[in-house]
**Q** 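So that we are looking at the same thing, I have put the structure below in C-alpha cells.
We use all heavy atoms of the structure for the numbers below, so side chains are in, but hydrogens, waters and symmetry mates are not.
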Amino acid sequence: MIEPFKNLPRAIIISLPIVTIVYVLTNLAYFTTLNPEDMLNSEAVAVDFGNHHLGVMSWIIPVFVGLSCFGSVNGSLFTSSRLFFVGSREGHLPSLLSMIHPTLLTPLPSLIFTCLMTLLYAFSNDIFSVINFFSFFNWLCIAMAIIGMMWLRYKKPELERPIKVNILLPISFVLACVFLIVVSIWKTPVECAIGFIIILTGVPVYFFGVWWTNKPKWVLQIIFSSTVLCQKMLEVVPQQ
C-alpha cells in the first residue's frame, strides 16, 4: 500500500460506512419479501430471497455468497498468518514461523501453520459450534488487544504512533466487543466455556517456550534440529 499511514485510515473510514449501508439495505430487502417466521425457519435467507425474485437466475445468489466467503477466507488467511509471523518474530512462537521464502518473500511456514489450524476446525461435525467457538475467543482476543493498546497509550505516551485516533473510538469498539462476548456467554455458555479452555491450552505452551529461559541443552538441541529440518524442507530463511 502506498503511504499506508494516510491511506489505511482513509480506506477504513470509506469502506465501513459502505459495508454498513449495503448490509442494512440488504436486510430491508429481505423483510420486504419474507416475514419474520420465514426468516427464522429458513436455512439460507438470501437463497429464499433469490428464489422468490430471480426465478431461473436464482443460482446467482449462492454463487456470489460462495465468492464472498472465498474472499473473506483469503483475507483472513493473509492476516492470520501475519499474526503468527509477528508473534514468532517477537519471540512468542517458534522461530520457524518468522521465516520467509527467499524468492516469494512470503511467510510460508506461518501460512502452512494457519492452514493446518484451519483444517482442525473442519473435522467438527457441527459447524455452528465451531462458529460459536471462534466468535467467542476472536472477540475476546481483539478486545484484550485493544485494551492493551489503550493501556500503552496511557502508560507510555512518548512512543511513536504513526496512526493515532480519538480515544473514544477504541473505547466504543471495546464496549461493542464486550457486548458480543456477554451475549455469546448468555446464549451459548457451553461452547464459550470450551472456547475458553482452548485459550487456556496456550498457557503451558507459553511457559515452556517463552517463560522457561534456562532450558537444558538436550531440549535446545531438539528444538534446533527440528527447526533446521523444517527450514530445509520448506526452503525458508530468517527475515533479514
Side-chain angles (χ1 to χ4, degrees), residues 1-2 4 7-83 104 106 110-143 169 172-173 175-192 194-195 198:
M1 177 181 289
I2 301 174
N7 292 328
L8 183 59
R10 291 174 183 172
I12 295 173
I13 293 172
I14 294 172
S15 62
L16 281 179
I18 293 175
V19 173
T20 302
I21 292 172
V22 171
Y23 183 82
V24 172
L25 292 177
T26 301
N27 281 272
L28 288 176
Y30 292 158
F31 279 111
T32 61
T33 302
L34 305 173
N35 57 51
E37 184 178 354
D38 292 335
M39 296 182 68
L40 290 174
N41 295 328
S42 174
E43 295 184 357
V45 177
V47 174
D48 291 342
F49 178 83
N51 292 335
H52 190 276
H53 286 285
L54 301 179
V56 295
M57 292 297 295
S58 60
W59 58 267
I60 199 172
I61 296 294
V63 169
F64 275 97
V65 169
L67 292 175
S68 176
C69 293
F70 180 80
S72 177
V73 170
N74 183 62
S76 298
L77 179 64
F78 279 110
T79 54
S80 300
S81 62
R82 266 60 181 183
L83 292 176
L104 302 176
T106 54
S110 62
L111 284 168
I112 294 176
F113 181 75
T114 304
C115 179
L116 294 176
M117 295 297 293
T118 305
L119 290 175
L120 289 178
Y121 289 111
F123 283 109
S124 175
N125 294 326
D126 188 357
I127 186 62
F128 295 104
S129 296
V130 173
I131 293 174
N132 290 330
F133 295 153
F134 179 79
S135 298
F136 170 73
F137 61 71
N138 180 59
W139 289 115
L140 177 62
C141 293
I142 290 176
L169 183 59
S172 302
F173 185 81
L175 291 177
C177 291
V178 171
F179 172 78
L180 293 173
I181 294 169
V182 171
V183 170
S184 297
I185 296 175
W186 176 40
K187 291 292 186 179
T188 56
V190 176
E191 287 83 353
C192 290
I194 296 175
I198 294 174

**Q** Tell me, please, which residues at least two apart from Thr118 pass side-chain contact (heavy atoms from CB on, under 4.5 Å).
**A**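 Testing Thr118 for side-chain contact (heavy atoms from CB on, under 4.5 Å), a comparison that skips the adjacent residues, returns Thr114.
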**Q** One pair to check against side chain to side chain contact (heavy atoms under 4.5 Å, CB included): Val73 and Phe70. What are the steps and the verdict?
**A** CA-CA 5 Å; Val73 170; Phe70 180 80; 5.8 Å; no
**Q** If you take all heavy atoms of Ala29 and Phe49, which pair is closest and at what distance?
**A**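 Result for this residue pair: O-CE1, 3.3 Å.
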**Q** Partners of Met39 by side-chain contact (heavy atoms from CB on, under 4.5 Å), sequence neighbours excluded?
**A**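 By the side-chain contact (heavy atoms from CB on, under 4.5 Å) rule, Met39 matches Tyr30, Phe31, Leu34, Val45.
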**Q** Enter the distance from Thr26:OG1 to Tyr23:OH here, rounded to the nearest 0.5 Å.
**A**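 Those atoms lie 9.0 Å apart.
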**Q** Donor-acceptor check, side chain of Ser72 to backbone of Ser68, threshold 3.5 angstrom: yes or no?
**A**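 Pair absent, no side-chain N/O of Ser72 close to backbone of Ser68.
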**Q** In chain order, what residues pass the side-chain contact (heavy atoms from CB on, under 4.5 Å) check against Leu104, with sequence neighbours excluded?
**A**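 Checked Leu104 against side-chain contact (heavy atoms from CB on, under 4.5 Å); matches are His101, Thr106.
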**Q** If the condition is side chain to side chain donor-acceptor pair (under 3.5 Å), which residues does Ser172 pass it with, not counting sequence neighbours?
**A**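 Ser172 satisfies side chain to side chain donor-acceptor pair (under 3.5 Å) with no other residue.
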**Q** Could you measure the distance from the CG atom of Asn35 to the CG atom of Leu40? Nearest 0.5 Å is fine.
**A**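 Between Asn35 CG and Leu40 CG, I get 9.0 Å after rounding to 0.5 Å.
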**Q** Show, in sequence, the C-alpha distance, side-chain angles and deciding distance for Arg82 and Leu111, and conclude whether the side chain to side chain contact (heavy atoms under 4.5 Å, CB included) test is met.
**A** CA-CA 8 Å; Arg82 266 60 181 183; Leu111 284 168; 4.3 Å; yes
**Q** What side-chain donor-acceptor pairs closer than 3.5 Å can you find for residues 53-67, not counting sequence neighbours?
**A**
from, atom 1, to, atom 2, distance (Å)
His53, NE2, Thr33, OG1, 2.5
Ser58, OG, Asn51, OD1, 3.3
Ser58, OG, Gly55, O, 3.0
Trp59, NE1, Val56, O, 3.4

**Q** Which heavy atom in Cys177 sits nearest to a heavy atom in Ala143, and how many Å separate them?
**A**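 It is CB-CB, 3.7 Å.
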**Q** Rounded to the nearest 0.5 Å, what separates atom CG in Leu180 from atom CD1 in Ile185?
**A**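 Leu180 CG to Ile185 CD1: 11.5 Å, rounded to 0.5 Å.
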**Q** Applying side-chain contact (heavy atoms from CB on, under 4.5 Å), name anything that partners Leu25, two or more places apart in sequence or on another chain.
**A**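 Scan of Leu25 (side-chain contact (heavy atoms from CB on, under 4.5 Å), adjacent residues dropped) gives Ile21, Leu28.
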**Q** Rounded to the nearest 0.5 Å, what separation is found between the CZ atom of Phe136 and the SG atom of Cys192?
**A**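 It is 5.0 Å, given to the nearest 0.5 Å.
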